Number of protein chains: 2
Amino acid sequence: MAEQTEVLRRTPLSKDRILRAAVTLADEAGIDSLSMRNLAQDLGVVPMALYKHVANKDELVNGMIDVAIGEIDPPVPGADWKQAVRERILSARRVLQRHPWVSLAIESRTAPTPAVLAYLDSMVGTFRRGGFSADLTHHVMHAMGSRTLGFSQELFDAARSAGRSGASNPESSAALPPQFADRFPHLAAIAVAASHDDASVVGQGCDDQFEFEFALDLLLDGVERLQRQGWTSTRRDGDRSVVSGPDQPS
Amino acid sequence: MAEQTEVLRRTPLSKDRILRAAVTLADEAGIDSLSMRNLAQDLGVVPMALYKHVANKDELVNGMIDVAIGEIDPPVPGADWKQAVRERILSARRVLQRHPWVSLAIESRTAPTPAVLAYLDSMVGTFRRGGFSADLTHHVMHAMGSRTLGFSQELFDAARSAGRSGASNPESSAALPPQFADRFPHLAAIAVAASHDDASVVGQGCDDQFEFEFALDLLLDGVERLQRQGWTSTRRDGDRSVVSGPDQPS
DNA sequence: ACCTGAACACCGTTCAAGT
DNA sequence: ACCTGAACACCGTTCAAGT
C-alpha cells in the first residue's frame, strides 16, 4: 500500500530499528550480505543516514550480537549447577541455530560485548554457587571456550556459510568421492562408524546435536570430578596432568 | 642491488613462490592486509599475473593453510596414543602461534583442505591404534573440535587480530575499568583468582598455554576413561550422560 | 544546523585491447 | 597466443556542498 509505504518511510530511524533490520538481513541473506549499503536499502534510507545511530560497522555488529545474546533463556531457577549450566548452554545453542551468523560475528570481535560479558558473568555465578572455587571456575570457563555460548569450532562444518538446511535433508548430503577412502582411510572408517542412515555420507551424516552434547557432557563430567576432588591450580609446580587426583585408578 | 632486483623480477612466478609470499605477508601484516593487489605488489608483478597460478583468492588461502599445516611435526614414533596426540596438538599450537591467521582462515573455509584432512586422518589413526573403537573415535574427534588443530575459540582473545605481543608484555595489559567489578562481579572475581602477576589485569593476564593444556588434558583424560570403560554410542536410547559407566562413584 | 550526494581509497575479478 | 591495463561492481567511510 502506498500509505503504508509512506508510514514506513516516515518512521524515524533508531538504533533499535536498525539493529532489528540488520539481524533479519543477516538471518535471511547471510552475514556476507550485510553491508551498510544493503542495510540502508532495506530500511529505505540513504547509507549515510545509518551513521547517525551507529558510529561504524563494528558498532553495528556489536549491537547485533547483543540482540541475539539477549534471546538466550535465563538460568532455570531450581536446578543444580550442572543442570543449570547445561540447559543454558543448550538454550544458547538454539539461539545460534536461529542466527547462524552470530558465532562468526563473535569470533571476529576483539573484545566481548556487554551482553556477552553479562551472560558469562551469570554463568560464572552458577559455577560458584555450585561450590566451585574461583580458581577452578576460571580454568573451567577457559576450557569450555566458545561452547559456553552454544557453539564450537567444528572442522567438518559444511553448513557454516551455506544456507539453512537441516541435517535431516538428504539432498544436501555429499557422497564421499571414490578416492577419499584410499587417501584418508581412517577418516573414512569413522565416518562410516557413526553414520546410521547412509554409510557413504560424511559431514551432513553426523548428528550435530549429539556431538555437541557428547562434548558438553564430557567437559561437565570432567569438571565435576575436579570440583569433588578439591582441585587447585598447580601450574607453577610442573604438574602436567589435570586429573591426577587421589582417586585415580592407577 | 640493481642486479638482484633484476634477478627477482626475472624469477618466474610459481604457485609455490606465491604461497610463500602470501604466508609471509599474512604473518607480518595480518590477514586483513592480504589482498591480491598487496600480494602482487610484494612480488613485483601486476595483480592479474597471480591468476595464472591460483584460480581465485579462495584457492590462494587454501594453499596457505596447507603450507602452515605442513609445518606440524609428525607423530612421535614410540609414544602411546595419549602422549602422541598430546604432543602433536601442542606442535600444531606452536605452528599457529607462528602463523596467527591460520585459525581464522580455517574457520572461514567451507570444506577442509587436503593437508588438514591428512592431518586429521593421521590423528584418527593414532586413536585407533590406541584401542579406540571407530564409534568412540568419531565422537572424540568431534569433541576435540578445533583443539585438534591447536586452537580453540577463546572468548577473551584480545591478541586475535592484533599484532603479535607475548603474554609477558605488560604494556599490552589493559586494566579493568572501574565499573567492571560492579557490573560483572563474578568475572572480576575469577579474573583476580588466576592472575598471579597483577590482580587488576584480565585477558592478557591469563596464561594461555596453561589454559590450553588444562582443557586438552581434561578432554584426553575424559576420553581415556570412556575408552577403558568400553564406551559405545547409545544415542538412540535416550541415555544422556556420556560417562554413566559401571565404575561411576554413585 | 542538518542532511546527503559525490568522492576517496580500497576490494576481487572480468574482459577486451594491445603486443 | 599471451599478457595486462582498464573497467566493473562492489565495500566502509570522509567530506564538502546544498538546503
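Letters A, B, ... mirror the listed sequences (proteins, then strands); counts begin at 1. Below, each value reflects all heavy atoms present in this structure, side chains not excepted, and no hydrogens, waters or symmetry copies. Here the structure is a predicted model, which means the values were calculated and not measured.
- The minimum heavy-atom distance between Arg109(B) and Asn62(B), with the atom names listed, is CD-OD1, 2.9 Å.
- Within the 4.0 angstrom heavy-atom criterion, no nucleotide atom of any strand lies near Asp58(B).
- In this structure, Asn38(A) contributes its side chain and Ser33(A) its backbone to a donor-acceptor pair below 3.5 Å.
- The interatomic distance linking Leu50(A) (CG) with dG5(C) (P) rounds to 13 Å, in whole Å.
- At whole-Å resolution of the value, OH in Tyr51(A) and P in dG5(C) are 15 Å apart.
- In this entry the distance linking CZ of Arg37(A) with C1' of dA6(C) reads 11 Å, nearest Å.
- Separating the P atom of dT13(C) from that of dT13(D) is a span of 22 Å, rounded to the nearest Å.
- Taking all atoms of both residues into account, the shortest heavy-atom contact from Leu43(A) to Ala21(A) is CD2-CB, 3.6 Å.
- At the heavy-atom level, Met36(A) lies under 4.0 Å from the strands shown only through sugar-phosphate atoms.
- Rounded to whole Å, the distance from CE on Met48(B) to P on dC15(C) is 11 Å.
- Partner assigned to dC10(D) is none, using Watson-Crick or G-U wobble distances below 3.5 angstrom.
- There is a side-chain donor-acceptor pair under 3.5 Å between Ser122(B) and Arg88(B).
- Following rounding to the nearest Å, Ile31(A) (CD1) and dG12(D) (C1') show an atom-to-atom distance of 15 Å.
- If you check dC15(C) for Watson-Crick or wobble pairing at under 3.5 angstrom, you find it paired to dG5(D).
- To the nearest angstrom, C1' of dT13(C) lies 13 Å from NZ of Lys52(B).
- Computed from coordinates, the Leu34(B) CG to dC11(C) P distance equals 10 Å when rounded to whole Å.
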